[in-house]
There are 2 protein chains.
Amino acid sequence: MKEREHEECGHEPLRSVLPAPALLEQAASLLRAVGDPARLAILLRLEDGERCVTELAAESGDGMSTVSQRLRLLRSERLVTTRRDGKHIYYRLADEHVSELIRNAMTHVAHD
Amino acid sequence: MKEREHEECGHEPLRSVLPAPALLEQAASLLRAVGDPARLAILLRLEDGERCVTELAAESGDGMSTVSQRLRLLRSERLVTTRRDGKHIYYRLADEHVSELIRNAMTHVAHD
DNA sequence: CCTTCATTTCATCACATCATGAATCGTTTT
DNA sequence: AAAACGATTCATGATGTGATGAAATGAAGG
């Protein structure tokens with residue numbers, strides 16, 4: 001396979017493996033948004049279908065303010081989108097990538 | 001202090017959508033571990049092949065202690081595994097699930 | 001307009017996380 | 001055995017994050 005030592009090769013340490021710092025930060029930020037049990041729970045519930053804030057608050061047992069803050073973060077990372085219907089604002093997953101991300105994480109943990 | 005709003009359907013609020021709290025916490029913990037630019041950078045580098053701590057420290061420009069702490073977290077979440085070779089300890093990605101997770105996050109961000 | 005209901009924003013505080021240097025550990029080399 | 005080297009652990013201080021109540025926003029209906 002690959003046998004790399006500490007010897008001098010006279011070349012740059014090839015940093016090109018990494019994407020731009022801004023992209024790195026964005027990706028990390030997105031993952032951090034999902035990396036909270038309460039927010040992850042919201043995303044899992046939304047996989048089952050859209051919900052309004054009151055419903056999410058009832059299902060989690062937390063206050064609406066608390067849930068709203070969680071949703072604010074998820075929205076800022078474009079993980080969820082909203083739809084207004086009268087007094088209610090319904091939340092849903094932004095796209096398929098989100099579902100995949102969640103499922104991948106869940107299966108990785110379950111497969112231990 | 002929580003009463004059911006909206007219309008009464010006389011049924012349970014179907015909590016079965018969610019996995020056990022322990023699993024939720026585990027998954028969130030895992031995602032949080034990846035949700036840091038420096039640790040994500042390490043994982044991306046390891047996608048290119050295994051590396052020892054000194055190499056990772058050199059490539060990131062941070063101290064070995066700092067890098068070691070990052071690796072400790074990644075190891076505790078079973079995202080990376082180690083192999084000892086003399087004085088060096090080489091790190092590599094634990095499995096292909098990790099790669100998928102990272103790639104998914106990166107593409108989701110890049111596709112914006 | 002005034003009220004009510006659903007949601008958001010704001011300010012705050014407790015708590016978690018991260019980087020870092022010093023001390024320590026485990027191998028290899030002399 | 002001692003020194004050198006690579007890596008980890010420990011303690012700490014700065015910074016970030018999350019929950020929460022009170023106040024603000026905004027739509028719907030009297």
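Just so it is clear, the structure is predicted and the values come from calculations on it, not from any experiment. A, B, ... follow the sequence lines: proteins, then strands. Residue 1 opens every chain. Excluded from the calculations below are hydrogen atoms, water molecules and symmetry mates; all remaining heavy atoms, backbone and side chain alike, are included.
- Across the protein-nucleic acid pair, Y91(A) atom OH and dA6(C) atom C1' stand 11 Å apart, rounded to whole Å.
- Contact annotation for L73(B): backbone-only contact, meaning every heavy-atom pair under 4.0 Å involves sugar-phosphate atoms and none involves a base.
- Straight-line distance from the CG atom of L74(B) to the P atom of dT17(C): 14 Å, rounded to whole Å.
- Heavy-atom distances to DNA chain C give each of R39(B) and V67(A) a nearest nucleotide, and the one nearer the 5′ end belongs to V67(A).
- Atom CD of E100(B) sits about 8.0 Å away from atom OG1 of T107(A), to the nearest 0.5 Å.
- Each of T82(B) and G35(A) was matched to the nucleotide of DNA chain D holding its nearest heavy atom; the match closer to the 5' end belongs to T82(B).
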Inset, instruction - Assign a letter to each nucleotide of nucleotides 21-30 of chain C from its 5' end: B, base within under 4.0 Å of a protein heavy atom; S, sugar-phosphate only; -, no contact. - result: BB----SS--
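- Between R103(B) and E96(B) there is no salt bridge, since none of the side-chain N atoms of the basic residue sits less than 4.0 Å from a carboxylate O of the acidic one.
- The interatomic distance linking R72(A) (CZ) with dT25(D) (P) rounds to 16 Å, in whole Å.
- Summarising the geometry, the separation between CD1 on I89(B) and P on dC5(D) is reported as 17 Å, rounded to the nearest angstrom.
- For the OP1/OP2 pair of dT17(C) and a distance below 4.0 Å, the side-chain nitrogens and oxygens of R32(B) include at least one atom meeting the criterion.
- From T66(A), atom OG1 reaches atom CG of L71(A) across 11.0 Å, with rounding to the nearest 0.5 Å.
- One atom, NE2 of H88(B), and another, C1' of dC5(D), lie 8 Å apart when rounded to the nearest Å.
- Spacing between atom CG of D62(B) and atom C1' of dG6(D) amounts to 17 Å, rounded to whole angstrom units.
- Ionic pairing of E77(B) and R39(B) is not present here: no N-O contact between side-chain nitrogen and carboxylate oxygen is shorter than 4.0 angstrom.
- We find that CG of L40(A) is positioned 13 Å from P of dG18(D), with the value rounded to whole Å.
- Atom CD of Q26(A) is separated from atom CG of L40(B) by 12.0 Å, given to the nearest 0.5 angstrom.
- The shortest distance between the side-chain N/O atoms of R70(A) and the OP1/OP2 oxygens of dA19(D) is below 4.0 Å.
- Residue H108(B) forms a side chain to side chain contact (heavy atoms under 4.5 Å, CB included) with just one option from L101(A), L31(A), D95(A), and that option is D95(A).
- Nucleotide dT20(C) holds its P atom 14 Å from the CE atom of M64(B), rounded to whole Å.
- Residue L71(A) is out of contact with every strand shown, counting any heavy-atom pair closer than 4.0 Å.
- With salt bridges taken as basic N to acidic carboxylate O contacts below 4.0 Å, none links R70(B) and D36(B).
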